[in-house]
Amino acid sequence: MAPTILVLNGPNLNLLGSREPAIYGHTTLDDIRCLCESRAAGVGLAVDFRQTNHEGVLVDWIQDARISAAGIIINPAAYTHTSVALLDALSATALPVIEVHLSNIHRREPFRHHSYVSTAAVGVICGLGATGYALAVEAMAGLLRQAGTLAATKDQSHV
Ligand code: DHK
């Protein structure tokens, strides 16, 4: 059975497509889910894709991932800049974590330049829109192959 990666999305990302399209683009969260699933299938992974507006729910899902997932891709949205709870939960999993942002948070308001979550992440992708999620799936496959959690496949894409 294919190892599962958890792809988590934080507050307001359910509004993608209509929310500030000049910043976040026209791609919907459902489009991003499809992109992640198809990219994951190509590298031998399954995806558990979720969104919530609630910090504690994210913490619960991250804790559950310790037994149900091989790695976590997370766009914590606004909680990126505020949440020690998410940092602690991610650190406690010992799973590989990749942080994703649609926008380039470093080109935006100063309060978005700092991420609490990055301390727990192997890598951070930002500013590439939905493509960042696809790159994160491929990067996660590379990390899991290195760790021996994922067998090598014919389609190893770019990693
Ligand atoms: C999404 C959000 O909702 C913001 O609060 C972050 C992030 C940036 C993104 O670019 O995906 O600051």
Side-chain angles (χ1 to χ4, degrees), residues 4-43 45-65 68-93 95-144 157-159:
T4 298
I5 57 170
L6 187 60
V7 181
L8 294 179
N9 296 278
N12 300 304
L13 294 174
N14 53 313
L15 301 179
L16 286 179
S18 59
R19 173 196 184 197
E20 298 183 273
I23 296 174
Y24 297 107
H26 293 279
T27 308
T28 66
L29 195 61
D30 204 46
D31 294 334
I32 293 175
R33 179 184 57 74
C34 291
L35 178 64
C36 288
E37 287 174 354
S38 78
R39 200 58 67 100
V43 292
L45 291 171
V47 169
D48 182 355
F49 191 94
R50 303 182 191 190
Q51 187 276 333
T52 177
N53 293 327
H54 304 282
E55 184 177 17
V57 174
L58 286 169
V59 170
D60 288 343
W61 287 345
I62 292 166
Q63 289 185 5
D64 293 346
S68 62
I72 299 174
I73 295 170
I74 184 166
N75 182 347
Y79 292 135
T80 305
H81 319 295
T82 63
S83 182
V84 177
L86 284 186
L87 167 62
D88 287 349
L90 290 166
S91 300
T93 64
L95 295 171
V97 174
I98 300 177
E99 179 184 349
V100 174
H101 303 284
L102 294 153
S103 64
N104 181 350
I105 56 175
H106 302 290
R107 293 184 80 175
R108 299 183 63 192
E109 304 97 318
F111 69 84
R112 295 185 201 274
H113 296 180
H114 177 257
S115 167
Y116 282 96
V117 169
S118 296
T119 309
V122 178
V124 182
I125 299 170
C126 75
L128 300 177
T131 302
Y133 283 75
L135 295 172
V137 170
E138 292 187 8
M140 183 62 76
L143 292 173
L144 296 177
S157 297
H158 311 297
V159 287

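Atoms within each ligand, like the ligands themselves, are counted from 1 in listed order.
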Task: Minimum heavy-atom distance between Y24 and R108, given as atom pair plus value - done: OH-NH1, 3.0 Å

TODO: Can you see which heavy atom on L35 is nearest to which on A130, and at what distance?
DONE: CD2-O, 3.4 Å

Find the distance between [atom1] ([X]) and [atom2] ([Y]) and round it off to the nearest 0.5 Å.
X    : Y   : atom1 : atom2 : result
Y133 : I73 : OH    : CD1   : 9.5 Å
I62  : L87 : CD1   : CG    : 9.5 Å
I72  : I5  : CD1   : CD1   : 10.5 Å

Open item on the list: Distance under 4.0 Å, heavy atoms only, partner ligand 1: which residues pass?
Closed with: R19, Y24, N75, A77, A78, H81, H101, L102, S103, I105, R108, R112

Task: Residues E99 and T80: side-chain donor-acceptor under 3.5 angstrom - done: no

